Amino acid sequence: MSATTPDLDSLYQEIILDHYKHPLNAGLREPFEAEVHHVNPTCGDEVTLRVHVTDGKVVDISYDAVGCSISQASTSVMTDLLIGRSVEEAMGIHEVFLTLMQGKGQVEPDEDVLEDGIAFAGVAKFPARVKCALLSWMAWKDATASAAATSAVEPVETKEKQ
Amino acid sequence: MEGLLPELEVIRKDFPILQRTLAGGQPLVYLDSANTSQKPQVVIDTMVDHLERHNANIARAMHQLGAEATEAFEAARGKVAAFIGASAEQTIFTKNASEALNLAANTLAWAGPHQVGPGDEVLITEMEHHSNIVPWQLLCERTGATLRWFGLTDDGLLDLSTIDELINERTKVVSLTWVSNMLGTINPVRMIADRAHQVGALVVVDASQAVPQLPVDVEACGADLLAFTGHKVVGPTGIGVLWGRREVLEALPPFLGGGEMIATVTMAKSTYAPIPHRFEAGTPPIAEAIGLGAAVDYLGHIGMDQVHRHEQTITAYALEGLATVPGLTVLGPREATGRGGAISFEVDGVHPHDIAQVLDSRGIAVRAGHHCAKPAHARFGVQSSTRMSSYIYTTPAEIDALVDGLEYTRSYFKLG
């Protein structure tokens, strides 16, 4: 009897465990234009997330999060990917990650776009964990939308894709 | 091992699901019975037989099948009533425990001798399942009453030091769980009920985790209303029970209006059927009720004293085994005495989801999350926990598998 099914290792990629142990950009920082608090009602995972947007650019994403390895690593990877991009580029990456997560394991991840985010391809095969991976991504989109709405510096596409 | 059910291996054979294997050929180690219990063959067969041979609507069909279905449904009510020391008239079938508790909380908001109003207090506890919190929050919001609660001690017991202040002349309802679904704590229901009755308060007991674990005598426990669900007592989902004292049930206004709950209906006004049918509007879950009847027969045959003893033995063995896992902290009482068969715990450095995921890869089913008891988790400063819960088919070898699985989880996440 093998100790694990192969799936377990496809879920818990080394990249994910590394980000879980050493999360990037953690902590809440100032300045910020919007702060949101998102929860996963089924498991109780929580994230408080702030965005700092200037001239259409994602200058900072800071956060305080409690949750499983998947949700924590996903938050870390997201901040690493999106900070420094234009809001438009970041929204594009968000779309690609969302498509990967909702692809039931059938979508081939694009490493050029997602970088470390490709490690989450295995998560898509575990329906119960997809929400964990998406928690902070949804929080970021929400926060960015309200930052745009309050500052009105740069109009941002805020419509939720169903 | 002293205290286990003597026919444990025979009992295990009664539950067909325990024979199946999971991905990778792993045998099933089912430690999630506080979530829902597995079903013995006799419950499955009883429901199938009803659907294959006796299916008809009840209490309204004037044919042989209708008579058979009605008789089976009411016989099931009688079995369930006998199982909890009740009379059949006072045993109401609901959809689940949540519906039973909502029935109580809703009808107490409406005009009647027990109506809750502004200035009244409703008292619950910090260890309730959400289904015994939210209905009372709604009641208080709708009536202007105030919600209060017993806090918890560090050991996971009710903090009764404030009982004199909490149960006072304004207290209209005291609603509490008999056995905690998260901490496992068995609460002193009778003592609290006696205190509540001294100030004229109604006592509502959530017995969802108690009826599977303990011999329950509704008359002796001090409750005025008591709720539980069928699927945790080896019965099917979709069927629950609300028991009430006759004078309380007769004083409560109807809950859902519709078929079967009426005596007569005119366009201007309706009159209502006597209890229990007054609270059973519409076609009930018939096969499920009949399945529940078979389930309590099955448990009654084993004997609830024996079931409780088995659960205490397994729980003691599990507490011992869990204590050997480095970094593991049990939430709730550390002794098996005074506990039900659910043990929630934390492991330093691994999130409950990740624990459950790794255990699942070894065929071990536990629950991870807040177990619908967020306030109790918050009380202990944790966001979520892992919970193992045993039942009549649980063996010491399965507890060993859990402990091994937890050791493996720690090594998988590279903890010491």
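These numbers come from the heavy atoms of this one structure, side chains and all, not from hydrogens, waters or symmetry mates. Quick note on labels: first sequence line is chain A, next is B, and so on, each numbered from 1. Source: prediction; values computed, not measured.
- A 6.0 Å sphere centred on CD of Gln137(B) holds more than 12 heavy atoms belonging to other residues, nucleotides or ligands.
- Other residues, nucleotides and ligands contribute only 12 or fewer heavy atoms inside 6.0 Å of the NZ atom of Lys131(A).
- Residues Tyr20(A) and Val350(B) fail the side-chain proximity criterion, which asks for heavy atoms closer than 4.5 Å.
- Rounded to the nearest 0.5 angstrom, Asp354(B) CG and Ile70(A) CD1 are separated by 6.0 Å.
- To the nearest 0.5 Å, atoms CD (Glu46(A)) and CD (Gln383(B)) are separated by 5.5 Å.
- In this structure, Gln19(B) places its CD atom where more than 12 heavy-atom neighbours from other residues, nucleotides or ligands lie under 6.0 Å away.
- Proximity to chain B at a heavy-atom threshold of 4.5 Å picks out Phe126(A) from residues 113-126 of chain A, in numerical order.
- The SG atom of Cys68(A) lies 11.5 Å from the CD1 atom of Ile355(B); values are rounded to the nearest 0.5 Å.
- Listed here is the closest heavy atom pair of Asp9(A) and Tyr412(B): OD1-OH, 2.6 Å.
- Residues His353(B) and Asp45(A) meet the side-chain proximity criterion, which asks for heavy atoms closer than 4.5 Å.
- Counting heavy atoms from C-beta outward, Gln72(A) and His351(B) have side chains that stay 4.5 Å or more apart.
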